[in-house]
Chemist: 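Okay, handing you the structure first.
Whatever order the structure lists them in is the order used to number ligands and atoms, beginning at 1. Sequence positions, counted from 1, serve as the residue numbers for this chain.
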Amino acid sequence: MTRKPFLAGNWKMNLDRRSGVALAQALAARSVTWTGRDVAVFPPFVYLAEIARSLAGSSIAVGAQNVSDEKSGAFTGEVSAAMLKDVGATLVLCGHSERRHLYGEDDRLVNRKLHAALGAGLDVILCVGETAEERQSGSTEPRIGRQLTLGLAGVSEDDLERVTLAYEPVWAIGTGNNATPAQVGDVHSYIRGMLAGIYSDMASKAVRIQYGGSVKADNIKALMGVANVDGALVGGASLQSEAFLGIVEGAL
Ligand code: PGA
């Protein structure tokens, strides 16, 4: 089964309106030559509508970095999946390590957010990954297994088609310290095996698994060469057009 590479840029809480639009325009201009890959950017909420307009007509999708697990109502400061869809987002990140570790999101909340997104017709990137302590204590697989089982609870095999997984070791995010190809290969094949157990071999083989954590133009080729790596979720290197273009264009 061939899986189309998927490169995504998570802008986090960076860039302002002008620099975000300039970045989106630079990507859109180059995207006319891209084939055989999916590309998405995840701007901050307040810029979503404008970035979606800047990318309209290009093949680049726009996603949100977070979503409420609730549909509507008295939830001050929250943004619903329907609102995201309304302003042009087609995807959402669920369970990013910064949401889990800085904002205390647990697997059950991540699962509720994932269902809110799928229910509104958005696709999802579900992020999983172990901390340095978990890796040192040999609990990488149980930790990721739990994030997968609880994160995907209640997701049907049909809906799994709208989910991408991102393996992001917490210790590799924003540190310049990326996981070795062997470490990445081990975890990606573990994830693929877990998915086959929860769903079916066929469904598991269709799911794309991105790697994230200090991905750069100079390491994307090596990472993409690892079995079961189907793309990347990029933070820091997605903030500058040349750096992100180097990743998108170096991926295949
Ligand atoms: P990084 O972030 O590329 O800056 O390490 C990755 C991420 O958090 O998705």
Side-chain angles (χ1 to χ4, degrees), residues 5-15 19-20 23 27 37-45 47-48 51 60-67 89 91-105 110 113-114 117 122-132 134-135 140 143-144 147-148 151 163-181 183-184 187-188 191 207-224 226 229-251:
F6 183 10
L7 295 312
N10 172 12
W11 295 358
K12 308 190 180 182
M13 197 169 73
N14 292 300
L15 303 177
S19 54
L23 173 55
L27 301 178
R37 76 206 91 187
D38 289 329
V39 179
V41 294
F42 292 78
F45 282 146
Y47 303 135
L48 275 173
I51 299 299
I60 304 170
V62 182
Q65 299 169 19
N66 188 20
V67 64
L91 288 150
V92 81
L93 291 182
C94 289
H96 187 277
S97 83
E98 285 146 22
R99 299 301 318 169
R100 291 178 189 267
H101 296 284
L102 302 176
Y103 299 98
E105 291 190 10
V110 171
K113 290 184 171 202
L114 184 144
L122 297 169
D123 291 350
V124 169
I125 298 180
L126 172 62
C127 306
V128 298
E130 82 287 2
T131 63
E134 286 161 347
R135 176 161 284 271
T140 298
R143 172 68 168 146
I144 288 171
Q147 288 173 331
L148 282 175
V163 178
T164 295
L165 285 165
Y167 167 53
E168 298 203 306
V170 178
W171 47 272
I173 296 177
T175 58
N177 206 0
N178 65 327
T180 64
Q183 289 171 323
V184 175
V187 176
H188 280 230
I191 292 173
V207 176
R208 292 182 293 189
I209 309 174
Q210 298 173 321
Y211 167 76
S214 301
V215 174
K216 308 252 176 329
D218 62 13
N219 58 29
I220 186 70
K221 274 239 171 334
L223 288 162
M224 291 301 293
V226 177
V229 173
D230 308 308
L233 180 56
V234 184
S238 72
L239 298 174
Q240 286 177 338
S241 58
E242 283 314 310
F244 191 56
L245 287 168
I247 292 170
V248 169
E249 296 176 356

Chemist: Only heavy atoms count here, so choose which of Glu168, Glu98, Gln65, His96 is nearest to atom 8 (O) of ligand 1.
Modeler: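 The nearest heavy atom belongs to His96.
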
Chemist: Asn219 side chain to Ser214 main-chain N or O, any donor-acceptor pair under 3.5 Å?
Modeler: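 Yes, the answer is positive, given that a donor and an acceptor are paired below the 3.5 Å cut-off.
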
Chemist: Are any of the side-chain nitrogens in Glu130 or Arg143 under 4.0 Å away from the carboxylate oxygens of its partner?
Modeler: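 No, Glu130 and Arg143 are not salt-bridged.
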
Chemist: For ligand 1, is there an N or O atom under 3.5 Å from any N or O atom of Thr175?
Modeler: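 N/O-N/O distance under 3.5 Å: no.
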
Chemist: Please confirm whether the backbone N or O of Gly250 pairs with a side-chain atom of Lys221, one donor and one acceptor, at under 3.5 Å?
Modeler: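 Yes.
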
Chemist: Between the main-chain N or O of Leu91 and the side-chain N or O of Asp123, is there a donor-acceptor pair closer than 3.5 Å?
Modeler: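 It does not hold such a pair.
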
Chemist: Need the ligand 1 atom indices (1-based, order shown) with element for anything under 4.0 Å from a heavy-atom of Gly213.
Modeler: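 So the answer, numbered in order with elements, is 5 (O).
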
Chemist: Drop me the distance from Asp38's CG to Thr164's OG1, to the nearest 0.5 angstrom.
Modeler: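 It comes to 8.5 Å.
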
Chemist: Can you tell me if Arg37 uses its side chain to pair, donor with acceptor, with the backbone of Val248 under 3.5 Å?
Modeler: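 Yes: the side chain of Arg37 pairs with the backbone of Val248.
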
Chemist: Can you sort out which atoms of ligand 1 are near Gly174, meaning under 4.0 Å from one of its heavy atoms?
Modeler: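 Contacts of ligand 1 toward Gly174, numbered from 1: 1 (P), 4 (O), 5 (O).
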
Chemist: How far is atom 3 (O) of ligand 1 from the closest protein heavy atom, and which atom is that?
Modeler: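 I find the closest protein heavy atom is Gly235 N, 2.8 Å.
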
Chemist: So, 4.0 Å and heavy atoms of Ala237: is ligand 1 close enough to count as a contact?
Modeler: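 The answer is no: ligand 1 sits nowhere under 4.0 Å from a heavy atom of Ala237.
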
Chemist: Is ligand 1 less than 4.0 angstrom away from at least one heavy atom of Lys12?
Modeler: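 For ligand 1, residue contact (heavy atoms, under 4.0 Å) with Lys12 is present.
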
Chemist: Could you tell me whether the side chain of Gln210 and the main chain of Phe6 form a donor-acceptor pair under 3.5 Å?
Modeler: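 Flag set: sc Gln210 to bb Phe6 pair under 3.5 Å.
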
Chemist: Which is it for Ala172 and ligand 1 at heavy atoms under 4.0 Å: side chain, backbone, both or neither?
Modeler: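 Under 4.0 Å from ligand 1, Ala172 contributes backbone atoms alone.
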
Chemist: For atom 4 (O) of ligand 1, what is the nearest protein heavy atom, given as residue, atom name and distance?
Modeler: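 Of every protein heavy atom, Gly236 N, 2.8 Å lies nearest to atom 4 (O) of ligand 1.
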
